[in-house]
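Structure record follows, encoded as structure tokens.
Each ligand, and each atom within it, is numbered from 1 in the order the structure gives.
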Amino acid sequence: MTPETARPFIDIHAPVAAALAAGKPVVALESTIITHGMPYPDNSAMAANVEKIISNEGAVPATIAVVNGRIKIGLSDGERESLAMTGGAMKLSRADIAFAVAEGRTGGTTVAATMIAAQLAGIKVFATGGIGGVHKGAEKSFDISADLDELARTPVIVVSAGAKAILDIEKTLEVLETRGVPVVAYGSDIVPAFWSRKSPYAAPLRLDAPEKIARLYETRAALGLDGGLLVANPVPESDEIATEEMAGYIEAAQKAAEAQNISGKAVTPFLLAKILELTNGASLKTNIALVENNARLAAKIAISLAGKR
Ligand code: PSU
Ligand code: MN
């Protein structure tokens, strides 16, 4: 798909189209976190709130999804609410976004599919919670998220709280390095672990200002280096759950997944739901806080990039 041939399949929400035409800052948001990552109505409130945060920062939010076969770049309040309520939405990555379009289906876009759609629309910055990565036990299951390959090929800045701690963070970092993806910890020497501010791993790169992240992105483009940039933004201290505390919940969730033979696309949503249950909702509160924190930083990066032209 090139932007030209993709155009007939894409609907750009009016405020997003206006911002893009004027060179104003736009921040893309994913929707698997809405359809598969959080329960209703928390997902709906989170999605609306994150958009508001981006607007308040001075950028234009564009929540991306596939609705009845249309690639939506930005949703109206009503479209966003009905997506949050949809029971049967697909989980769309690079492998199945075209299927959903061709078959007129509805789905939430993962980090990978959201990057693809953002790139088609000309959006350079994208905020999420945590990226997919190398699952624990991947040496047996081969379960490695398509998000990693997408980061290697599609030039979009992805602002995350690191890789979800349900993953093998060390192997995830190794794959990102092999595939040439810069991993930049924001204001930290340590890679964050989603619900916790710290993992056991040193940050491959560190930057302390949104302008510096924008400059790194432009420098990579100028050097002809393909692919995206992963920003790992630690969750605010007041919202974190300590690494040691999370470890127990993660292990229990993993055991439950094994016992119930959960595999493939179902693994991440299952683990997130299980952890929510085990933490009595505390993990969800943290998840929402970190997405909001990432939206704020993504808006600042987009503003810096827009100011450069
Ligand atoms: N971050 C969250 N919740 C989520 C996800 C990310 O806070 O539900 C989603 C993202 O869309 C990510 C996907 O791309 O999980 C990864 O799924 P998989 O491991 O199957 O590639
Ligand atoms: Mn997977």
Next item on the list: Among the N/O/S atoms of Asp143, select the one at the shortest distance from the Mn ion (ligand 2) and name it.
Entry: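 The Mn ion (ligand 2) is closest to the Asp143 atom OD1, counting only N, O or S.
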Out of [options], indicate the one that has the non-hydrogen atom closest to [atom].
{"atom": "atom 7 (O) of ligand 1", "options": "Leu290, Ile34, Asn287", "answer": "Asn287"}
{"atom": "atom 3 (N) of ligand 1", "options": "Ile33, Leu167, Thr114, Ile166", "answer": "Ile33"}
{"atom": "atom 12 (C) of ligand 1", "options": "Leu271, Asp147, Thr32", "answer": "Asp147"}

Item checked: Exam field: side chain Arg220 to backbone Asp226, donor-acceptor pair closer than 3.5 Å ->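 Yes; judged by distance alone, with no hydrogens or angles, the pair exists.
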Checklist line | Whether Thr243 side chain and Lys198 backbone form a donor-acceptor pair below 3.5 Å | finding: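 Confirmed, Thr243 side chain pairs with Lys198 backbone.
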How long is the straight-line distance from [atom2] of [Y] back to [atom1] of [X], given to the nearest 0.5 Å?
{"X": "Asn43", "Y": "Glu81", "atom1": "CG", "atom2": "CD", "value": "8.0 Å"}
{"X": "Tyr249", "Y": "Leu271", "atom1": "OH", "atom2": "CG", "value": "16.0 Å"}
{"X": "Leu83", "Y": "Tyr40", "atom1": "CG", "atom2": "OH", "value": "11.5 Å"}
{"X": "Ile116", "Y": "Thr110", "atom1": "CD1", "atom2": "OG1", "value": "7.5 Å"}
{"X": "Glu218", "Y": "Ile213", "atom1": "CD", "atom2": "CD1", "value": "13.0 Å"}

Check: What protein heavy atom sits nearest atom 15 (O) of ligand 1, and how far away is it?
Finding: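 Among all protein heavy atoms, the one nearest atom 15 (O) of ligand 1 is Lys164 NZ, 3.3 Å.
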Item checked: Between Thr109 and Ser31: side-chain donor-acceptor atoms closer than 3.5 Å ->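 Side-chain D/A pair, Thr109 to Ser31: present.
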Check: Will you find, in the side chains of Glu240 and Thr286, an N or O donor that is under 3.5 Å from an N or O acceptor?
Finding: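 Absent: no donor and acceptor within the cut-off.
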So, regarding [X] and ligand 1 (criterion: nitrogen or oxygen to nitrogen or oxygen, under 3.5 Å), is there a contact or not?
{"X": "Lys265", "result": "no"}
{"X": "Ile131", "result": "no"}
{"X": "Thr268", "result": "yes"}
{"X": "Gly130", "result": "yes"}
{"X": "Ser145", "result": "yes"}

Next item on the list: Return yes when Met38 approaches ligand 1 closer than 4.0 angstrom through a heavy atom, no otherwise.
Entry: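 Per 4.0 Å heavy-atom rule, Met38 does not contact ligand 1.
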Margin query: Yes or no: does Glu30 have any heavy atom under 4.0 Å from an atom of ligand 1?
Written below: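 Flag set, Glu30 near ligand 1.
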Check: Numbering the atoms of ligand 1 from 1, which are under 4.0 Å from a heavy atom of Leu272?
Finding: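 Checking each atom against Leu272, I get 3 (N), 4 (C), 8 (O).
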Check: Any idea which atoms of ligand 1 are less than 4.0 Å away from a heavy-atom of His135?
Finding: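 Under 4.0 Å from His135, ligand 1 has these atoms: 19 (O).
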Next item on the list: For side chain to side chain donor-acceptor pair (under 3.5 Å), just list the numbers for Ser304 and Glu211, CA-CA rounded to whole Å, side-chain angles, deciding distance to a tenth of an Å, and then say yes or no.
Entry: CA-CA 6 Å; Ser304 176; Glu211 298 74 28; 5.0 Å; no
Checklist line | ligand 1 contact on Lys91 by region, counting heavy-atom pairs under 4.0 Å | finding: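 The side chain, only.
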